[in-house]
Peer 1: 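Dropping the structure in here first, questions after.
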Amino acid sequence: MAKRVFLVVLDSLGIGNAPDADKWNDEGSNTLAAVCSHSNDAFNNLASLGLFDIDGHNDERILKWIDAQNAMPTPKGSYARIRELSAGKDSTIGHWEMAGVYSDKAQPTYPNGFPDSIINALREITGRDILCNKPYSGTEVIKDYGDEHVKTGALIVYTSADSVLQIAAHEDVVPLETLYDYCSKARDLMCGEHAVGRIIARPFTGTSGNYTRTANRHDYALSAPASTLPDILKAEGLDVISIGKIKDLFAGRGFTEMIATKDNTDGISKLEEYIDKDFNGLCFVNLVDFDMKYGHRNDIPGYAGALHEFDDALGRIIPLLRPDDLLIVTADHGCDPSTASTDHSRECVPLLMYGCGHDVPYNMGYKAGFGIVAASVYDALLAPAIPHDFAPACGANVPDENNIMSYVDMTNLKVTATEEDIKTLVDNAAAAGAASVCVQPCYVRLASEHSRGRVAVCTVIGFPNGYNTTAVKKYETIDAINNGASEIDMVINVAFVKSRNFEQVADEIGILANTCHEHGAILKVIIETCNLTETEKKALCQIVTVQGADFIKTSTGFGSAGATVEDVALMRRYCGSNVRIKAAGGIRSKESAKAMLDAGACRIGASSLG
């Protein structure tokens with residue numbers, strides 16, 4: 001269960017291929033492809049989250065960019081292509097859908113300007129005349145109408161292809177608070193059939209021929225028709241923090257803290273500040289420059305530069321994430337800067353998740369509905385893992401010094417073992433008072449059901465060679481626990497040890513330890529000592545300790561040699577006091593088992609002791 005979720009919206013970073021793009025005249029739009037066409041410079045951190053491993057990349061510009069990379073990092077979290085289901089391609093509808101509210105009706109747009117009834121009402125509520133009343137570029141409209149506005153005080157009212165009514169005014173002619181008041185009143189006016197997604201205050205400064213929009217923009221969004229992700233999390237008593245225009249898109253509803261930003265750089269800086277803060281809930285971030293400054297202005301180099309800025313920031317952010325943090329990166333629509341249109345584009349968007357609950361590479365494929373974002377946040381913050389009620393209880397075994405079998409995991413991992421063999425093993429182990437039975441994963445349910453709580457069930461993961469991927473080992477672990485195994489013996493990837501890739505070995509052990517503990521099980525880490533140097537054994541003792549595993553185990557019993565007293569003694573010397581030792585492989589007598597116990601082991605793996 002996560003404590004903090006960071007949800008970052010790269011406003012307009014579409015990845016093409018929306019199945020209904022033709023209905024919106026957006027066939028062929030692909031915002032990411034436009035960025036990739038600018039240069040072959042790497043996006044190492046976005047790539048490490050799986051951006052370029054998402055299924056469905058078929059635009060030649062993306063494929064050429066991928067081919068030009070010297071190397072691509074392996075993804076380390078969950079990634080997917082997600083499509084919008086709501087009737088719209090604007091920021092409000094996109095954010096509502098990712099917050100769990102679907103819209104079956106598009107918000108109104110005004111390609112020919114607003115009707116006289118609306119313009120006359122604006123004149124009445126503001127006491128000012130109205131200029132323009134057309135779809136217009138925000139930078140061009142102040143260039144063309146700025147002088148008349150400054151001269152007369154008339155408001156510049158315009159729209160775009162989006163569902164918006166925008167009011168531009170010079171800050172020296174219309175004070176900011178007055179402009180905001182006008183927009184608030186316009187929000188009340190634009191309801192019913194004219195319920196546009198946003199009313200936007202667009203203040204500007206400067207002199208004739210040199211007017212510039214300021215960072216004092218303010219959005220007045222239509223309130224969502226139902227409870228959204230922020231509403232629900234706030235009602236649950238969690239922190240809900242808005243950074244950037246998120247608060248505007250949700251009409252300020254559902255947030256416990258709202259942080260304004262000037263631009264992407266400021267938004268990234270505020271995000272990094274909250275990485276260092278202690279809170280419990282959601283930090284919801286929108287980086288609007290991708291859309292506002294670059295997508296709508298068909299500025300490919302600018303868009304590429306902004307994406308590199310965020311990629312660089314990820315390189316700082318990811319290492320600072322805590323074990324109970326989840327990072328989600330997505331988008332709300334497209335805005336392809338390489339097309340003739342300056343409008344949003346109907347595209348699929350990426351979903352990249354890394355951290356708590358998404359700690360192994362997982363291609364989620366193609367998902368319908370941005371609502372998967374809300375569901376993922378709910379799962380992370382509100383759905384704790386429920387430990388299994390094992391019988392006997394996990395860790396209940398207390399060895400009896402007068403019964404050496406109470407230290408033993410009685411084992412049958414033969415490839416020829418039958419169901420009857422496993423039942424016999426369980427019966428014998430229960431009668432002998434053994435610590436557990438260790439069986440193949442395919443027999444865990446059988447052993448658990450036959451045991452009926454008489455003896456604990458253990459199984460092996462990544463056995464016997466250990467070179468399965470971490471994702472496979474994690475799935476194996478969860479499956480085994482669900483089938484009744486309260487003890488998991490996992491084989492490390494010795495090939496990674498030999499490659500000195502200790503970081504990945506450590507990550508894997510930590511992931512599986514957390515998985516076991518979340519479900520109430522324990523983890524034993526098999527390091528296969530016969531394949532290791534003394535230096536490697538010492539390093540692994542430290543790694544197993546730091547990563548929180550319960551046991552370190554000498555051997556699979558399928559290697560070239562099994563446990564030795566010397567290896568057990570070394571493990572006891574270099575492992576932390578919280579790590580117990582299991583000796584396994586070649587232990588066939590009570591005398592050899594006793595020698596292992598005397599050297600520091602507290603569990604023995606053996607098929608029997610003569």
Side-chain angles (χ1 to χ4, degrees), residues 9 11-14 21 23-26 29 31 34 84 86-96 103 105-115 118-119 122 130-146 149 155-169 179 182-183 186-187 189-190 193-204 211-222 244-245 248-249 286 288-299 302-303 331-347:
V9 180
D11 200 307
S12 83
L13 186 67
K23 296 179 182 177
W24 304 82
N25 298 315
D26 287 326
S29 292
T31 305
E84 188 170 12
S86 295
K89 58 175 182 176
D90 59 88
S91 292
T92 303
I93 292 291
H95 280 76
W96 283 2
S103 307
K105 183 179 179 181
Q107 295 173 333
T109 57
Y110 298 86
N112 299 312
F114 299 100
I118 294 296
I119 296 302
L122 286 172
I130 303 298
L131 301 174
C132 185
N133 188 27
K134 300 175 184 177
Y136 233 101
S137 158
T139 53
E140 294 300 313
V141 78
I142 58 176
K143 184 187 302 182
D144 293 348
Y145 290 91
H149 161 73
L155 300 173
I156 304 171
V157 174
Y158 66 107
T159 185
S160 72
D162 292 343
S163 181
V164 295
L165 183 152
Q166 305 184 77
I167 303 178
L179 176 60
Y182 292 161
C183 289
R187 177 69 279 171
L189 171 67
M190 301 299 287
E193 65 175 313
H194 297 299
V196 293
R198 285 174 293 161
I199 309 294
I200 306 178
R202 291 288 197 177
F204 64 96
Y211 294 125
T212 305
R213 294 198 295 185
T214 73
N216 294 318
R217 160 185 172 162
H218 191 65
D219 291 34
Y220 296 78
L222 185 67
K245 76 170 186 175
D248 298 326
L249 294 166
N286 178 284
V288 71
D289 286 1
F290 294 110
D291 184 52
M292 182 177 70
K293 289 186 178 180
Y294 309 117
H296 285 304
R297 299 181 187 178
N298 288 348
D299 183 352
Y303 207 123
D332 51 349
H333 51 72
C335 194
D336 188 341
S338 66
T339 64
S341 170
T342 58
D343 184 18
H344 293 159
S345 43
R346 182 76 166 182
E347 300 180 45

Peer 1: Taking C-beta and beyond as the side chain, do D248 and R198 meet within less than 4.5 Å on heavy atoms?
Peer 2: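 When only atoms from C-beta onward are counted, R198 and D248 do not touch, as no gap falls below 4.5 Å.
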
Peer 1: Do any N or O atoms from the side chain of T109 and from the backbone of S163 form a donor-acceptor pair under 3.5 angstrom?
Peer 2: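 Such a contact is absent between T109 side chain and S163 backbone.
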
Peer 1: The criterion is side chain to side chain contact (heavy atoms under 4.5 Å, CB included); which residues satisfy it with E193, sequence neighbours excluded?
Peer 2: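 In terms of side chain to side chain contact (heavy atoms under 4.5 Å, CB included), with neighbours along the sequence ignored, E193 is linked to no residue.
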
Peer 1: Take the angle between the ring planes of Y220 and H218 and call it parallel below 30°, perpendicular above 60°, tilted in between.
Peer 2: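 The arrangement is perpendicular - the two ring planes meet at more than 60°.
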
Peer 1: Using distance alone, with no hydrogens and no angle criterion, decide if T339 and S341 have a side-chain donor and acceptor under 3.5 Å apart.
Peer 2: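 On atom types as modelled, these side chains do not qualify, holding no pair under 3.5 Å.
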
Peer 1: Under a 4.5 Å cut-off applied to non-hydrogen side-chain atoms, are F290 and S12 in contact?
Peer 2: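 A side-chain contact under 4.5 Å exists here.
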
Peer 1: Can you say whether the rings of H149 and F204 are parallel (under 30°), tilted (30 to 60°) or perpendicular (over 60°)?
Peer 2: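 H149 and F204: tilted rings.
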
Peer 1: Say you draw a straight line from CD1 of I156 to CD of Q166; how long is it, rounded to the nearest 0.5 Å?
Peer 2: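 The distance works out to 11.5 Å.
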
Peer 1: Is there a donor-acceptor contact under 3.5 Å linking the side chains of E84 and S86?
Peer 2: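 There is no such pair (donor and acceptor under 3.5 Å, judged by atom type) between the side chains of E84 and S86.
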
Peer 1: Under the ring pair (Phe, Tyr, Trp, His ring centres under 6.0 Å) rule, what do Y158 and Y145 come out as? Steps first, then yes or no, please.
Peer 2: CA-CA 11 Å; Y158 66 107; Y145 290 91; 9.2 Å; no

Peer 1: How far does OG1 of T31 sit from CG of L13, to the nearest 0.5 angstrom?
Peer 2: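 The CG atom of L13 is 6.5 Å from OG1 of T31, to the nearest 0.5 Å.
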
Peer 1: Give, for atom CG of D90 and atom SG of C335, the distance between the pair rounded to the nearest 0.5 Å.
Peer 2: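 Spacing of CG (D90) from SG (C335) equals 12.0 Å.
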
Peer 1: Once you round to the nearest 0.5 Å, how far does SG of C183 lie from CE of M190?
Peer 2: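 Going from SG on C183 over to CE on M190, the span is 12.0 Å.
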
Peer 1: Check whether any side-chain N or O of K89 sits under 3.5 Å from a backbone N or O of H344 as a donor-acceptor pair, and report yes or no.
Peer 2: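 Yes, because the side chain of K89 sits within donor-acceptor range (under 3.5 Å) of the backbone of H344.
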
Peer 1: Calculate, to the nearest 0.5 Å, the distance between atoms CG and CD1 belonging to L131 and I119 respectively.
Peer 2: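 If I round to the nearest 0.5 Å, the distance is 10.0 Å.
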
